[in-house]
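Structure first, then comments.
Just so you know, ligand 1 is whichever comes first in the structure, and atom 1 is the first atom listed for that ligand.
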Amino acid sequence: MLAHLLPFIAPFRARVIGSIIFSFILAGIGAAQVGLVQPLFDRGLSPESTREEVLWLAGKLLALGILNFPARFFHFYWIRTAMEEATCSLRTSVFSKMQRLPTSFYTRSKQGQMISHIINDTRIQAEALKAFVDLVREPLKAIAYLSMAFWADWQLTLVIFVIAPFLAAIFQVSGKKVHRNQADVQREQGDFTHAVAEGIGAHKITKAFNLQKFVTQRFTYFQDRFYQAQKKTMFVEEFAHPLVEVIGACAFSAVIVFAHHRIQSGATSIGDFVSFVAALALFMDPIRKFSQANVKLSQAKAAHERVMELMNYEEEADKGSLEPTKFEKSIEVKDLTFSYGEGEVLSHFSMHVNKGEKVALVGLSGSGKSTLINLLLGLYPVDHGTILLDEKPIADIKLNSLRGLFGLVSQDIFLFNDTIRGNLTLGKDFTEEQISHALKVSYAAEFVDKLPQGLETIVGDRGTRLSGGQQQRLTIARAFLQDTDVLLFDEATSALDNESEKVVQKALESIASQKTVVAVAHRLSTIQDYDRIYVLSQGRLVEQGNHSELMAKAGEYAKLYDLSVKS
Ligand SMILES: Nc1ncnc2c1ncn2[C@@H]1O[C@H](COP(=O)(O)OP(=O)(O)OP(=O)(O)O)[C@@H](O)[C@H]1O
Ligand SMILES: [Mg+2]
């Protein structure tokens, strides 16, 4: 797993190595400090000691304290910054991997879990780096203290050898339990994050339906599950700590009885004894930290597995090699059958669109109109049948090029919480003239001009500071600015009242002139002059023709038209 982290660590290996070198110095300082205990008790505090002796001791203590400052600072600062920077670059690689995942991944995953992978798992994984340094530092410290204890009184030191295995066993067992529980904690945290995001996103529905109690219950339910998972860890950890202290107390009691005997017989001095006790007390700490580092390492391993599951997820198939920059002739859908998993959503559907034509898809809700738009955009691979763009199967076209030919005004509006300008340009460069022209043709200028901050107005989360019609006109302006050859409209007007719908409709018509259009139409009055209308019913093509031909048929379309005019 550390090997997997290597590419992320490599840029700051100097800091990692520096930090490890300082581990040795820190262990040395620790040993030297313990080494001062014996002379301090036996000489420094004795009434017979000279002033020079005391000053000399105090000087040494001071020097160690001062030396400790840079050693600790660089050791910890370097490793922590290295770890956080490794986290950042790991996150970037996970996030950009997500950009390459297929649409189906997003419709199947929970947002909270994904957020948790990007934010938490990457961090836990990068903690392996710090754990690794801990696994070097702590044994060094343990050896240093052990040597000092040995130096002070080797016979008493044997006690350490008796208790060390017990301590190690406790830490090992509790560490394993904590680790095993960690997967649950992570999963519950993901679900909890999801519930929080959902609860915030649902603020309007919550108010409208008086759902405060319902969403709060959902929130507390997931919070409680998260807490219960954490509680298990708390129990194990908090049980282990006092257990260790009990063992420590046993060891100290034994040591005191034994030491009393040895001091009386003159085999050891008070200074040696205190020095030994200091070394013994300090020795517990590296053992604890060593096993904690082990736990961190196994947690990192588990997080690494979760991250790798995502990193190994099959990316959106992009096997095409053609890179058309212009739409030349036609789009042809031939005998298309498609399913999202179970049940055919489109079956044996065919249609064609010549350059410059305007074609509409109509049908009841769920008949597969948006699905067809998804397939044209290459969001899902086609199961059976083909979609040809300029006589080439779209599977042979690079996804970026394919999507670059289409401008989408979609059913679900997405605006970034950014300025109107930012939402129009989407990171590309456009002149002021281009932007104001786009606003004008999409009838968005009429409200943007009235805003005190104009183009620099922040639209709010998902555009919620604007009205539905305003949001839609911005997405139309955005599609216009991108200046693509084919426009895909997916029911851009369904959620609007009559007045705004008319404006949006005008906007659509005005940007559609000179373009090839595939539109999912809801209000059938808007498509009367379209070249061809395809009527879908449960994924099947039931009728096609222009408005007057279809009305003359008095079939499915005529029924839909009547419904639409009445509504
Ligand atoms: N991601 C998905 N996973 C599984 N099934 C889906 C998915 N998206 C849509 N469906 C199903 O496919 C069918 C067609 O959906 P589609 O969105 O294409 O309908 P539509 O004609 O656009 O309807 P509407 O007019 O309501 O927008 C529906 O039965 C829907 O439940
Ligand atoms: Mg739809």
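A 4.5 Å side-chain heavy-atom check between Ser350 and Val333 finds every atom pair outside the cut-off. Taking 4.5 Å as the limit, every side-chain heavy atom of Arg123 sits out of range of all side-chain heavy atoms of Ile119. Between Glu188 and Tyr227 there is no side-chain heavy-atom pair separated by less than 4.5 Å.
Not a single protein heavy atom sits closer than 4.0 Å to atom 30 (C) of ligand 1. For atom 22 (O) of ligand 1, the nearest protein heavy atom lies under 4.0 Å away.
With a 4.0 Å heavy-atom cut-off, ligand 1 is reached by no atom of Tyr106.
Partner Asp191 forms a salt bridge (charged side-chain N to carboxylate O under 4.0 Å, His left out) with one of Lys110, Arg225, Arg218 and no other, that one being Lys110.
Ligand 1 has no nitrogen or oxygen under 3.5 angstrom from a nitrogen or oxygen of Val345. For Gly363, no nitrogen or oxygen atom sits less than 3.5 Å from a nitrogen or oxygen atom of ligand 1, counting backbone and side chain alike.
Phe222 and Phe192 have their aromatic ring centers separated by at least 6.0 angstrom. Between His384 and Phe338, the ring centre distance reaches or exceeds 6.0 Å. For His547 and Tyr561, the gap between ring centers is short of 6.0 Å.
Closest to atom 26 (O) of ligand 1 among all protein heavy atoms lies Ser365 OG, 2.5 Å. The nearest heavy-atom contact from the protein to atom 27 (O) of ligand 1 is Gln411 NE2, 2.9 Å. Nearest protein heavy-atom contact of atom 17 (O) of ligand 1 is Ser370 CB, 3.6 Å. At the top of the distance list for atom 10 (N) of ligand 1, counting protein heavy atoms only, stands Tyr340 CE1, 3.3 Å.
Within the coordination shell of the Mg ion (ligand 2), defined by N, O or S atoms under 2.8 Å, Ser370 is present.
Each of the atoms 18 (O), 20 (P), 21 (O), 22 (O), 23 (O), 24 (P), 25 (O) of ligand 1 lies under 4.0 Å from some heavy atom of Lys369. Near Tyr380, meaning under 4.0 Å from one of its heavy atoms, ligand 1 places the atoms 1 (N).
Within 6.0 Å of atom CZ in Phe209, 12 or fewer heavy atoms from other residues, nucleotides or ligands are found, so the atom counts as exposed in its surroundings. Within 6.0 Å of the NZ atom in Lys369, the count of heavy atoms belonging to other residues, nucleotides or ligands exceeds 12.
Around atom 18 (O) of ligand 1, the closest heavy atom drawn from Thr103, Leu372, Asp490, Thr371 belongs to Thr371.
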